[in-house]
Amino acid sequence: VQLQASGGGLVQAGGSLRLSCVASGSIFSIDAMGWYRQAPGKERELVALITSGGSAKYADSVKGRFTISRDNAKNTVYLQMDTLKLEDTAVYYCNADIQVGVPTYHYGMDYWGKGTLVTVSS
């Protein structure tokens with residue numbers, strides 16, 4: 001199983017970016033999917049999380065600016081980031097709790113994608 005994130009880049013403060021993360025491989029089902037970020041010199045932190053049923057939660061710092069969504073048919077999670085601030089600059093990582101295998105046998109694993117860099121400039 002792999003998670004492939006994309007969509008990072010350089011954007012001016014106040015602008016928008018949309019991150020995508022696709023899960024592929026021997027996937028039976030996907031439980032929660034989320035986005036984390038790590039800024040230089042800081043610990044990795046949760047940005048947003050969405051359950052398989054679509055319930056979402058956000059870090060206080062991004063509430064009202066970021067929106068997480070998912071397409072279960074495509075095994076994809078998105079992060080729409082609006083009104084970006086300088087402090088949003090970080091490497092963004094996607095994460096998913098995946099049931100690996102087939103209907104007759106599957107087990108849960110936690111997966112991380114390689115990060116995608118988001119740089120917000122003034």
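Hydrogens, waters and symmetry mates play no part in the numbers below; they use all other heavy atoms, side chains included.
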Next item on the list: Step by step, work out the side chain to side chain contact (heavy atoms under 4.5 Å, CB included) result for Arg65 and Lys85.
Entry: CA-CA 10 Å; Arg65 300 188 297 120; Lys85 302 178 179 180; 3.7 Å; yes
Next item on the list: Please assess Tyr36 against Trp112 for the test ring pair (Phe, Tyr, Trp, His ring centres under 6.0 Å), listing each intermediate value before the final yes or no.
Entry: CA-CA 10 Å; Tyr36 291 72; Trp112 291 91; 4.9 Å; yes
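- Contact record, Gly34 with Leu49: CA-CD1, 3.9 Å, taken as the closest heavy-atom pair.
- Each of Val22 and Val91 belongs to its own hydrophobic cluster when Ile, Leu, Val, Met, Phe, Trp and Tyr are linked at side-chain heavy-atom distances under 4.5 angstrom.
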Indicate every side-chain donor-acceptor pair of residues 10-19 with a distance under 3.5 Å to a residue at least two apart or in another chain.
residue	atom	partner	partner atom	Å
Ser16	OG	Asp82	OD1	2.7

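- Cluster annotation: Val47 and Tyr78 are assigned to distinct hydrophobic clusters (Ile/Leu/Val/Met/Phe/Trp/Tyr, side-chain heavy-atom contacts under 4.5 Å, transitive).
- Looking at Val1 and Ile27, their side chains come closer than 4.5 Å, going by heavy atoms from C-beta outward.
- The salt bridge (charged side-chain N to carboxylate O under 4.0 Å, His left out) analysis of residues 29-40, with sequence neighbours excluded, yields the pairs Arg37-Glu45, Arg37-Asp88.
- When hydrophobic clusters are built by joining Ile, Leu, Val, Met, Phe, Trp and Tyr residues whose side-chain heavy atoms come closer than 4.5 Å, directly or via intermediates, Leu79 is grouped together with Leu3.
- A 4.5 Å side-chain heavy-atom check between Arg70 and Ser52 finds at least one atom pair inside the cut-off.
- Exactly one of Thr76, Ile98, Val77 qualifies for a side chain to side chain contact (heavy atoms under 4.5 Å, CB included) with Ile30. That residue is Ile98.
- Across all non-hydrogen atoms, the minimal contact from Phe66 to Tyr58 is O-CE2, 3.3 Å.
- More than 12 heavy atoms of other residues, nucleotides or ligands lie within 6.0 Å of CD in Gln38, so this atom counts as buried by the packing criterion.
- Side-chain contact between Met81 and Tyr92: present, with at least one pair of heavy atoms (C-beta onward) separated by less than 4.5 Å.
- The closest side-chain heavy-atom distance from Phe28 to Val102 is not below 4.5 Å.
- Contact detail for Tyr93 and Lys114: the closest heavy-atom pair is CD2-C, 4.1 Å.
- In terms of heavy atoms, Ile68 sits closest to Ala56 at CG2-CB, 3.6 Å.
- For the pair Trp35/Leu46, no side-chain contact is recorded, criterion being any heavy-atom separation below 4.5 Å from C-beta on.
- Considering all non-hydrogen atoms of both residues, Ile50 and Ser69 come closest at CD1-CA, 3.9 Å.
- Summarising the geometry, atom CD belonging to Gln80 is positioned 9.5 Å from atom OG belonging to Ser20; distances are rounded to the nearest 0.5 Å.
- Taking the salt bridge (Lys or Arg N to Asp or Glu O under 4.0 Å) definition, one finds that Lys42 meets it with nothing, sequence neighbours left out.
- In this structure, the side chains of Val118 and Thr89 stay at 4.5 Å or more apart for every pair of heavy atoms.
- Interatomic distance, Arg44 CZ to Asn95 CG, rounded to the nearest 0.5 Å: 8.5 Å.
- A distance of 7.0 Å separates CE of Met33 from SG of Cys94, quoted to the nearest 0.5 Å.
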